[in-house]
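All values reported here derive from a predicted model rather than from experimental measurement. Only heavy atoms go into these numbers, but all of them, side chains included; no hydrogens, no water, no symmetry mates.
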Amino acid sequence: MKYCFGVDIGGTTVKLGLFTTDGEIVDKWEIKTRTENQGEAVLPDIAEALKEKLEEKKIGRDEVEGIGVGVPAPVNTEGVVQNTANLGWGYKEVKREMEELSGMRAEIGNDANVAALGEMWLGAGKGRKNIVMVTLGTGVGGGIIIDGKPLVGAHGAGGEIGHLCVNYEETDHCGCGNTGCLEQYASATGITRLANIRLAKDDAKSVLREQEVSAKTVFDAVKAGDAVAKEIAEEFGKYLGHAMANLAAVADPSAIVIGGGVSKAGEVLIEYVEKNFKERTFFANKDTEFVLATLGNDAGICGAAKLILS
């Protein structure tokens with residue numbers, strides 16, 4: 001039996017998984033992400049946690065193919081990051097350091113690309129080799145898989161779907177500094193923003209006026225038949241659906257996988273996006289399927305493990 005590790009580094013916790021090379025999760029666990037002192041303890045802590053797991057399971061290092069690691073930052077093909085927003089790292093040779101600390105081969109990827117790879121391997125994209133994954137959370141993340149491999153790009157920034165410009169008239173700034181990014185309309189915070197703008201427009205009756213507005217309450221109201229909520233969902237669907245139509249003309253995926261907290265709204269969300277996608281997409285992409293992600297928080301560790309096996 002051969003094994004590999006999948007590691008998903010987040011700003012609060014590091015998720016770790018031990019896999020067989022045929023995709024079975026043997027064990028999964030978490031450790032705290034210690035970001036103090038420019039995150040100097042993050043990689044040593046991971047190496048120690050993996051060593052302890054090997055000892056616990058009585059597995060030798062020669063039985064392990066390697067360690068895949070997802071990092072919340074652009075990562076180039078040499079496993080180097082230039083900066084991270086929430087780990088405290090500046091320039092860091094993650095692959096080299098991980099290999100030196102662990103004594104095992106390491107492969108490093110951007111966390112969103114890695115999550116997409118996980119969904120392709122063991123999740124909603126299983127059996128496919130060309131998918132786009134869009135993660136709708138506090139922001140909008142994404143990953144593009146072409147012929148079974150993540151699109152990394154020259155600067156490690158391939159698949160930054162949330163920063164496609166979808167509104168050239170926007171004056172408010174995205175967190176990235178630009179204006180009109182998809183993230184400003186399709187993330188959880190973006191949907192809340194769309195809702196507040198719509199509610200301020202007139203006095204139309206809506207259950208959203210009786211509660212705290214959030215992406216969840218908007219889609220709950222849509223399911224309950226609220227007309228104003230449906231208008232908000234339609235606007236969200238146009239931004240995301242049209243953006244995916246543009247992306248499909250470049251990547252030509254067989255499926256677009258939607259994950260993240262907002263995707264918990266379920267199939268009703270898919271309906272609004274898919275309708276607008278079909279309205280604008282190139283004829284060759286009309287059959288692209290929209291599916292909900294299935295791996296949840298395990299997508300990162302699964303995709304990280306797949307980095308080693310690809």
Side-chain angles (χ1 to χ4, degrees), residues 1-73 75-76 78-81 83-123 143 150 259 294-310:
M1 182 72 74
K2 285 283 191 178
Y3 302 89
C4 59
F5 286 110
V7 178
D8 181 17
I9 304 177
T12 306
T13 62
V14 179
K15 299 177 181 68
L16 307 102
L18 172 64
F19 294 76
T20 63
T21 52
D22 59 5
E24 179 191 346
I25 300 178
V26 178
D27 201 356
K28 58 182 181 176
W29 72 108
E30 295 182 4
I31 60 172
K32 187 175 185 299
T33 309
R34 294 198 289 150
T35 56
E36 59 272 20
N37 299 319
Q38 290 77 53
E40 66 180 14
V42 175
L43 295 182
D45 284 354
I46 292 168
E48 183 60 28
L50 299 182
K51 179 186 169 191
E52 289 173 1
K53 188 59 63 176
L54 291 179
E55 290 172 355
E56 175 195 325
K57 299 291 185 183
K58 295 181 171 56
I59 297 170
R61 285 186 186 178
D62 59 338
E63 298 174 77
V64 181
E65 295 285 338
I67 308 159
V69 183
V71 178
V75 182
N76 70 18
E78 282 76 48
V80 174
V81 302
N83 196 22
T84 57
N86 55 7
L87 297 182
W89 294 348
Y91 174 87
K92 197 168 189 66
E93 297 178 11
V94 184
K95 175 179 168 68
R96 179 185 61 77
E97 290 187 32
M98 195 74 249
E99 288 180 342
E100 288 177 358
L101 287 164
S102 68
M104 292 178 274
R105 181 169 72 92
E107 296 296 337
I108 319 299
N110 166 265
D111 58 352
N113 287 344
V114 162
L117 194 59
E119 286 289 345
M120 182 208 75
W121 185 35
L122 297 174
T294 60
L295 293 179
N297 288 333
D298 288 345
I301 58 170
C302 291
K306 183 61 173 170
L307 281 178
I308 283 293
L309 306 176
S310 294

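Under the side-chain hydrogen bond (donor to acceptor under 3.5 Å, both in side chains) criterion, K32 pairs with no residue at all, not counting sequence neighbours. Annotation: side-chain hydrogen bond (donor to acceptor under 3.5 Å, both in side chains) contacts of E36 (sequence neighbours excluded): none. Applying the side-chain hydrogen bond (donor to acceptor under 3.5 Å, both in side chains) rule to E100 yields the partners R96; only residues at least two apart in sequence or on another chain are considered.
Taken to the nearest 0.5 Å, the OG1 atom of T21 stands 7.5 Å off from the CE atom of M1. Distance CE/M98 to CG/L50: 5.5 Å, rounded to 0.5 Å. Atom CD of E93 is separated from atom CD of E99 by 11.0 Å, given to the nearest 0.5 angstrom.
The two residues L16 and A49 make their nearest non-hydrogen contact at CD2-CB, 4.3 Å. When all heavy atoms of V26 and F19 are compared, the closest pair comes out as CG2-C, 4.2 Å.
Side chains of I67 and I46 form no contact here, defined as non-hydrogen atoms less than 4.5 Å apart. Counting heavy atoms from C-beta outward, D27 and K57 have side chains that approach closer than 4.5 Å. Put simply, the side chain of E48 does not reach to within 4.5 Å of the side chain of I31, judged on heavy atoms.
In terms of modelled atom types and a separation under 3.5 Å, the side chain of N37 and the main chain of E40 share no donor-acceptor contact. Put simply, the side chain of N110 gets close to the backbone of A73: a donor and an acceptor are under 3.5 Å apart. A donor-acceptor pair is defined here as one N or O able to donate and one able to accept, closer than 3.5 Å; such a pair exists between the side chain of W89 and the backbone of G39.
Counting non-hydrogen atoms of other residues, nucleotides and ligands closer than 6.0 Å to NZ of K51 gives a total of 12 or fewer. Residue Q38 places its CD atom among 12 or fewer non-hydrogen atoms of other residues, nucleotides or ligands, all under 6.0 Å distant. In this structure, N297 places its CG atom where only 12 or fewer heavy-atom neighbours from other residues, nucleotides or ligands lie under 6.0 Å away.
Using a cutoff of 4.0 Å between basic side-chain nitrogens and carboxylate oxygens, K95 and E107 are scored as salt-bridged.
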Do any side-chain atoms of residues 3-15 form donor-acceptor pairs under 3.5 angstrom with protein atoms, and if so which ones, sequence neighbours left out?
none

Could you list the donor-acceptor pairs under 3.5 angstrom formed between side-chain atoms of residues 299-310 and any protein atom two or more places apart in sequence or on another chain?
{"unit_1": "S310", "atom_1": "OG", "unit_2": "K306", "atom_2": "O", "d": "2.8"}

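Residues in residues 58-70 take part in no side-chain hydrogen bond (donor to acceptor under 3.5 Å, both in side chains) pair, two or more places apart or across chains.
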Please lay out, stage by stage, how L18 and I59 fare under the test side chain to side chain contact (heavy atoms under 4.5 Å, CB included). CA-CA 11 Å; L18 172 64; I59 297 170; 3.8 Å; yes
Could you give me the CA-CA distance, side-chain angles and deciding distance for M104 and L54, then say whether side chain to side chain contact (heavy atoms under 4.5 Å, CB included) is met? CA-CA 12 Å; M104 292 178 274; L54 291 179; 4.1 Å; yes
